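See below for the structure under consideration.
Remember, it's a predicted structure, so these values are computed and weren't measured experimentally. Proteins get letters first, then strands, A, B, ... in listed order; numbering begins at 1 in each.
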Number of protein chains: 2
Amino acid sequence: MKNRNKNITIYDVAHALSVSATTVSRALKDHHSIGKDTKKKVKKMALAMGYEPNAIASGLRKKKTHTIGVLVSQINRPFISSLISGIEEVANKNKYHVFITQSHDSYEKEVEDIKAFYNNRVDGLIVSLAMETKKYDHFLPFLKNNYPLVFADRVTYEIETDKIVVDNFEAAFKATSHLIQQGYKRIGHLAGAQQRHMYKKRLDGYTAALIKHGIQPEESLIYYSNLSQQEGWNGAKLLLGQTVKPDAVFAANDTSAVGFMQYAEQLTNYSIPHNLGVVGFNNDPISSIVRPKLTTINHPAMEMGKKAAELVLTKISGNSYTTIPQTITFNTDLIIRESSMKK
Amino acid sequence: MKNRNKNITIYDVAHALSVSATTVSRALKDHHSIGKDTKKKVKKMALAMGYEPNAIASGLRKKKTHTIGVLVSQINRPFISSLISGIEEVANKNKYHVFITQSHDSYEKEVEDIKAFYNNRVDGLIVSLAMETKKYDHFLPFLKNNYPLVFADRVTYEIETDKIVVDNFEAAFKATSHLIQQGYKRIGHLAGAQQRHMYKKRLDGYTAALIKHGIQPEESLIYYSNLSQQEGWNGAKLLLGQTVKPDAVFAANDTSAVGFMQYAEQLTNYSIPHNLGVVGFNNDPISSIVRPKLTTINHPAMEMGKKAAELVLTKISGNSYTTIPQTITFNTDLIIRESSMKK
DNA sequence: TTGTACGCGTTATCAA
DNA sequence: TTGATAACGCGTACAA
């Protein structure tokens, strides 16, 4: 067992120079009250001795860790990783570090991770909720103690705090209207978990577009799932196997849209987009790799991440955390590609 | 400005019950020396008062944070996110928390993140190196103080520590041999940064397979890049635009292979796999979404992550960290799909 | 410009 | 079975 934990502290550096620990502490952070030559001397010695600051001790003393926690469902979704990149960019620019964990859409994991973030006293938190989550008590420690908490994308309106979202209703309305304008008559929907506000809004937008164009919504054309690729496949199998079949589908994400397309691809009586239209959501990279290329909705994921981080940081540093929580809504674009071009 | 930082401590709980803080501390962690009824009483009061442990203070005192840091290039690569899932699974099972950051393949970011992990005294570290990294001094604090450090996938042999890798030479050899057996005569290679051992080994395996089959390697058939989709496209443009053209390519990852295929797709004189073969590496989900489906190499990413975490955890808890660093090599499989089926 | 003394919240040690 | 005390490493009010 070798020498473990023989970390060098400011005391060691102070001792080596016959000055006080206070002087070392101040010199290392360029405090104005320390002389130029002393600073130089201290920094040189600290480097020579291999001193590394202990953020744990500093955090305990200052009650500030210079970290923000990010909890997402899964990091391997293109939308999420862009969101995270946006968060990191802003946070790092402000000398904050970002720690990421994933809930894998499990409520239990979400609760545990949030607790770990609180126990480690991150200065702020950005969350995209798990599919499963229906209770929100685990955010109480953050709320009670006024730690900045921002929800992004997968939000809940049961907690009063800042939210970063896109206009899911309007996006779904646009997507569905586009299919109608292309001449599709009976449009189905691959829907997500309805306790997630965003998926409910996508369903609502879809329904509203149908009604606006005089089409009667049919519950039998809607397939609810976790929107995985497999579930897209399953949805296609079910919807296209019924007697009342859709001739187009609006999927609540690209992943399930691709699964849907793959099932349809192997049926001889379907050809996308000629007698079957597909629109997805997210503009994931696969949407332009799949053939035919997938029409989809683009969000400004990176911008949303940046905004979320900005919100957290201003709340941390400012004294603005008495202000009323705000919801920031970003716009989306419909990206028309081959999969919906009937005309 | 509301009440911030009014966190409840074990002293508050102790005071409310007229016991000592020591008793509270012990009761909460089920120390054997505390009576059953006292434990019950303390836990109940802690819950009622909304006490939450402060991991910062505990970490300072115990010199142990129960966290492990993971540094990767980018979280949005399927291989990486599977690796992380494996790490998380093992870590969480052992009550450890995993904090993830990404270097975005920048040396500076890697240095900064490693420093932040050290400053926050993570108990162990798992790293997949940035493409750019050529110096390794930033790992010194971990090495000097015997903190467990494991490299995974993108490793360096300039540091003596544990490594988790796949046999890149053998995998590349298999992939290239397969193309030769399918009847392709002039095989190119999309290569990665050669300071990363893994990419060098893939190039070596490719070269060795050619030589073994009596084919003279040609430097003009090798395109070096960061292996992005765009660079795959650029590589195709260059290689297929030369007078000496390849009739097949082995790409060091799937992303660049897809870019390559997309460029070739729009050339009328090429048809994959009939007069142009393609093999990728990683078995990313896109490899079975792209058409024709991509032949590729599968790694056990999740298993590699699990093993990395196990290694770190045994080193943390055990006293085995005097033992000699080990390199664990995982096997790969060639997954034959349409893109290389000339026969 | 520099130093002394204390506290952040927890836990290890020693004593009762 | 419980308690008093010190210490983890740092930052800050106060003093010099």
What I want to check is whether an N or O donor and acceptor connect the side chain of Arg61(B) with the base of dT10(C) at under 3.5 Å. no
Ignoring the backbone of Thr38(B), work out which of dT11(C), dC10(D), dT1(D) is nearest its side chain. dT1(D)
Under the side-chain hydrogen bond (donor to acceptor under 3.5 Å, both in side chains) test against Thr133(B), which residue among Gln195(B), Arg196(B), Arg154(B), Glu110(B) passes? Glu110(B)
Can you tell me the distance, in whole Å, between the CD1 atom of Ile56(B) and the C1' atom of dC8(D)? 13 Å
Nearest whole angstrom, please: distance from the C1' of dG3(D) to the NE2 of His15(B). 16 Å
Other residues, nucleotides and ligands only: do more than 12 of their heavy atoms fall within 6.0 Å of NZ on Lys135(A)? no
Round to a whole Å and report the spacing from NE2 of His32(B) to P of dA12(C). 12 Å
Do Arg121(B) side-chain and dG9(D) base share a donor-acceptor contact under 3.5 Å? no
The side chain of Thr23(A) is closest to which nucleotide in this list: dG3(C), dG11(D), dC14(C)? dG3(C)
From NZ of Lys40(A) across to P of dT1(C) the rounded distance in Å is 15 Å
Base, sugar-phosphate, or nothing: which does Ser58(A) touch, judged by heavy atoms less than 4.0 Å apart? sugar-phosphate
Round to a whole Å and report the spacing from CD1 of Ile10(A) to P of dA5(C). 16 Å
Need to verify one output field. Residue with the more 5' nearest nucleotide on DNA chain C, Ala57(B) or Arg26(B)? Ala57(B)
Provide, to the nearest angstrom, the distance between the NE2 atom belonging to His31(A) and the P atom belonging to dG11(D). 11 Å
Let's test your reading of the model: under 3.5 Å, does the base of dT10(C) pair with the side chain of Thr9(B) as donor and acceptor? no
Answer with base, sugar-phosphate or nothing: what part of the nucleic acid does Ile34(B) contact at a heavy-atom distance below 4.0 Å? sugar-phosphate
Is the phosphate of dA7(D) approached by Tyr11(A) (side-chain N or O, under 4.0 Å from OP1 or OP2)? no
Ignoring backbone atoms, establish whether Lys63(B) has a side-chain N or O less than 4.0 Å from OP1 or OP2 of dG9(D). yes
Does Lys163(A) make a cation-pi contact with Tyr157(A), if we ask for NZ or CZ under 6.0 Å from the ring centre and within 45° of the axis? yes
Given the options Tyr107(B), Phe117(B), Tyr118(B), His138(B) meets ring pair (Phe, Tyr, Trp, His ring centres under 6.0 Å) only with Tyr107(B)
Quick check, are the ring centers of Phe139(A) and Phe151(A) under 6.0 angstrom apart? yes
Separation of dC6(C) C1' from Leu60(A) CG (nearest whole Å): 13 Å
Measuring from the side chain of Thr22(A) (C-beta onward, heavy atoms only), which nucleotide among dG9(D), dA5(C), dT1(D) has the closest atom? dA5(C)
Mind calculating the distance between NZ (Lys29(A)) and C1' (dT2(C)) to the nearest angstrom? 17 Å
